[in-house]
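Shown next, in structure tokens, is the structure this report addresses.
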Amino acid sequence: MHEFSIAVNIVDIAIEHAEKANARRVNEVELEIGELSGVVYEAMETAMEAAIKGTLLDGAEIKIIRIAGRGRCNDCGRAFELANLFDPCPWCGTFNPEVMAGKELRIKSINVD
Ligand SMILES: [Zn+2]
């Protein structure tokens, strides 16, 4: 399962940061995940719950912030909302977008005690 290996990776990184900060517990982890990242949100939430069990992150609130996809057309130069990577430009109809946002897959913040 794709999401589970990503979750394990995120948990590893979060633990590393929490340990560096001498955290006793982790209250909250905020993740930014783009709608074009290929991650299924529901699967990611389940995977995170499973991945934090028995770790320093156990009991922490996991917040997933969705980042909408945005593209800019390489032909006409206009920006538009990009719901998926294979959408055409709504202005000129070509399939040549540059992805500006939506591929994020990162930890935004970690709140520790
Ligand atoms: Zn265009």
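Shown here are the salt bridge (charged side-chain N to carboxylate O under 4.0 Å, His left out) partners of K103, two or more places apart in sequence or in another chain: there are none. For Y41, the side chain to side chain contact (heavy atoms under 4.5 Å, CB included) criterion is met by I33, E35, I64, R66, not counting sequence neighbours.
In this structure, L85 CG and F95 CZ are separated by 12.5 Å, a value rounded to the nearest 0.5 Å. Atom CG of L57 and atom CD of E28 lie 11.5 Å apart (nearest 0.5 Å). Put simply, CD1 on I65 and CD on E104 are 11.0 Å apart, with the number rounded to the nearest 0.5 Å. Rounding to the nearest 0.5 angstrom, the gap separating the CZ atom in R72 from the CG atom in N74 is 7.5 Å. Note that CD of E32 and CD1 of I107 are 11.0 Å apart. Values are rounded to the nearest 0.5 Å. The distance from the OG atom of S109 to the NZ atom of K63 is 8.0 Å, given to the nearest 0.5 Å.
Using a 4.5 Å heavy-atom threshold, the side chains of M48 and L31 count as touching. At a threshold of 4.5 Å between non-hydrogen side-chain atoms, the residues I62 and E49 do not count as touching. For the pair D87 and P97, the minimum side-chain heavy-atom distance is 4.5 Å or more.
Considering all non-hydrogen atoms of both residues, F4 and A50 come closest at CE1-CB, 3.8 Å. Residues P88 and G93 come closest through the heavy atom pair CB-O, 3.8 Å. Closest approach of S37 to G34, counting heavy atoms only: OG-O, 2.8 Å. Nearest heavy atoms, V26 versus A18: CG2-CB, 3.8 Å. Across every non-hydrogen atom of I52 and A60, the tightest pair is CD1-O, 4.0 Å. Across all non-hydrogen atoms, the minimal contact from G69 to L36 is CA-CD1, 3.9 Å.
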Dump the intermediate steps for side chain to side chain contact (heavy atoms under 4.5 Å, CB included) on I67 and K108, then the final yes or no. CA-CA 12 Å; I67 309 281; K108 186 176 182 241; over 6 Å; no

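No path of Ile, Leu, Val, Met, Phe, Trp and Tyr side chains, each step under 4.5 Å between heavy atoms, connects M44 with V40, placing them in separate hydrophobic clusters.
Atom CD of E81 has 12 or fewer heavy atoms from other residues, nucleotides or ligands within 6.0 Å.
Side-chain polar atoms of N9 and D12 form no donor-acceptor pair below 3.5 angstrom.
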